[in-house]
Number of protein chains: 2
Amino acid sequence: MNIQPLFDYIARYVALTIEEQELLLANVNRRRYLKGQYIVQQGDICQFENFVLSGCVKSFYIDPEGHEHIAMFAIENWWVTDLGSFIKQRPADYNVLCLENTELVQFHHKKLEELYQKIPSLERFFRIIIQNAFVASQDRIVQSMSVPARERYLAFRQKYPQIERRVPQYMVASYLGITKEFLSKIRSQLIHEQ
Amino acid sequence: MNIQPLFDYIARYVALTIEEQELLLANVNRRRYLKGQYIVQQGDICQFENFVLSGCVKSFYIDPEGHEHIAMFAIENWWVTDLGSFIKQRPADYNVLCLENTELVQFHHKKLEELYQKIPSLERFFRIIIQNAFVASQDRIVQSMSVPARERYLAFRQKYPQIERRVPQYMVASYLGITKEFLSKIRSQLIHEQ
DNA sequence: AAGGGATGTTAAACTAGGTTAATAGGCTCT
DNA sequence: AGAGCCTATTAACCTAGTTTAACATCCCTT
């Protein structure tokens, strides 16, 4: 399992010395999951921040009526965890499930805290990527308020074509906050339109 | 204008030395705005990350049809900016407008970058608060998908009673992603119910 | 090759929430 | 004290999106 993509990804934001890279390497786990396995389950105390080397996962919430709501997908070069559970070390509200066989680099909560002390650049790196994630998240809130489902679907398609190809349609619908039936209707409208 | 609330706020997450506090103090602006003034306008390159010492502001997006969508409110001890614009130094998508006379501590983009280098704890501090903001933002997305407007209103009321008292109802409606008429209907239902 | 689960479609009936418009109360300013 | 704006309410009508249910399709497995 080649960890190089992680270093390449980090190098886009900060420069780590060789020693820092080695220290980091000594303090992460690599792990394979099979399609259908859970990386995090609602109720767990989430131990890891995960970087996806290969594969595809979804993070989702099951509401009291038993309906699933997909918070995000993650594929190669994305990060995924239940961040609330990870940082506060409290039971997870979300599940993270593999949609394909998946390879991860896992940062254990406690070891990451230690790494932050030893490698200030790493803390900088996480500050930057979380900032970016927060901006995207805010935009998604405003989009869900101001943009109708059809346009949101078109935007999703444009922004994440790789994901649309890899996950079933009903999960895309859930991510967009609509039912699979309604997404199906939107798609048939789009087809018959031109 | 007393800046102590900022130091108290920071001290909840990291410990700054006296020298670090002085360095910080020498590199921030304090500024007063009047009710109705803009802190950020759509199209500006946003120069500042702002900490609210007193007052109340809203951050909002105007969609192509001219409808306003409130992304967040900020009162005492909150942070507000157009973060996307601030970090990428690109034109702002959002506006930030004072709903009351407001006092801010402003961190200039360039000076903040310098402060990060000189005060690693400050970068740690921002990493932590942005992490928290991101978790809250993700939860809001999932709530908007899984919880009907009425319950979202009740949750808002419970979570931010100070804000509900200080801002007009139609802005609460906008924040919740519903029309003012529908919020009014929900409220009258709640009243006639018990 | 047949059976079963997971995925996608269609359509009819329904509902949460939006739109429009009229009304009214409460500020603030002169 | 009246003019004017900002804020809230109510009600009739409308629509984007949901629910239910039936049916079609595509794998995957034995």
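The analysis underlying the following values was restricted to heavy atoms, covering all of them including side chains, and did not include hydrogens, waters or symmetry mates. Per chain, numbering begins at 1; letters A, B, ... match sequence-line order. No experiment lies behind these values; they were computed from the predicted model shown.
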Visitor: Roughly, in whole Å, what's the span from CZ in A:R187 to P in C:dT10?
Guide: 10 Å

Visitor: Please work out which of the three classes, parallel, tilted or perpendicular, describes the rings of B:F126 and B:F107, given edges at 30° and 60°.
Guide: perpendicular

Visitor: Can you label the angle between the B:F86 ring and the B:H109 ring as parallel, tilted or perpendicular, going by 30° and 60°?
Guide: perpendicular

Visitor: To the nearest angstrom, how far is A:Y153 atom OH from C:dG8 atom C1'?
Guide: 12 Å

Visitor: Whole Å only: how far is the CG atom of A:L190 from the P atom of C:dT10?
Guide: 13 Å

Visitor: By nearest nucleotide on DNA chain D, pick out whichever of B:M171 and A:A149 is the more 5' one.
Guide: B:M171

Visitor: Between atom CE in B:M145 and atom C1' in D:dG17, what is the gap in whole Å?
Guide: 15 Å

Visitor: What integer distance in Å separates B:K180:NZ from C:dA21:P?
Guide: 13 Å

Visitor: In this structure, how many angstroms lie between the P atom of C:dA16 and the CG atom of B:L183, rounded?
Guide: 16 Å

Visitor: Using only side-chain N and O atoms of B:T179, determine if any of them is under 4.0 Å from OP1 or OP2 of C:dG18.
Guide: yes

Visitor: From D:dT18, C:dG17, C:dT9, pick the nucleotide closest to the side chain of B:I178?
Guide: C:dG17

Visitor: Side chain of A:E181: nearest nucleotide among D:dT7, D:dT18, C:dT10?
Guide: C:dT10

Visitor: Round to the nearest Å and state the distance from A:Q189 atom CD to C:dT9 atom C1'.
Guide: 13 Å

Visitor: Does B:Q169 place a side-chain N or O at less than 4.0 Å from the phosphate oxygens OP1/OP2 of D:dT9?
Guide: yes

Visitor: Closest approach to the side chain of B:P148, judged atom by atom: which nucleotide of D:dT9, D:dG17, C:dG17 is it?
Guide: C:dG17

Visitor: Both conditions, 6.0 Å and 45 degrees, for the charged tip of A:K185 above the ring of A:F182: are they met here?
Guide: no

Visitor: Are B:R140 and B:Y175 close enough, and set up right, to give a side chain to side chain contact (heavy atoms under 4.5 Å, CB included), and what steps lead you there?
Guide: CA-CA 11 Å; B:R140 194 170 155 212; B:Y175 175 85; 3.5 Å; yes

Visitor: Considering only D:dT10, D:dA16, C:dG18, which nucleotide approaches the side chain of A:F182 most closely?
Guide: D:dA16

Visitor: Is a salt bridge present between B:K118 and B:E20, judged by a nitrogen-to-oxygen distance below 4.0 Å?
Guide: no

Visitor: Looking at C:dG17, C:dT7, D:dA16, which one has an atom nearest to any side-chain atom of B:K185?
Guide: C:dG17

Visitor: When all nucleic acid strands are considered with a 4.0 Å heavy-atom cut-off, which category describes B:Y170: base, sugar-phosphate, or nothing?
Guide: sugar-phosphate

Visitor: Given atom CD of A:E151 and atom C1' of D:dA16, what is their separation to the nearest angstrom?
Guide: 13 Å

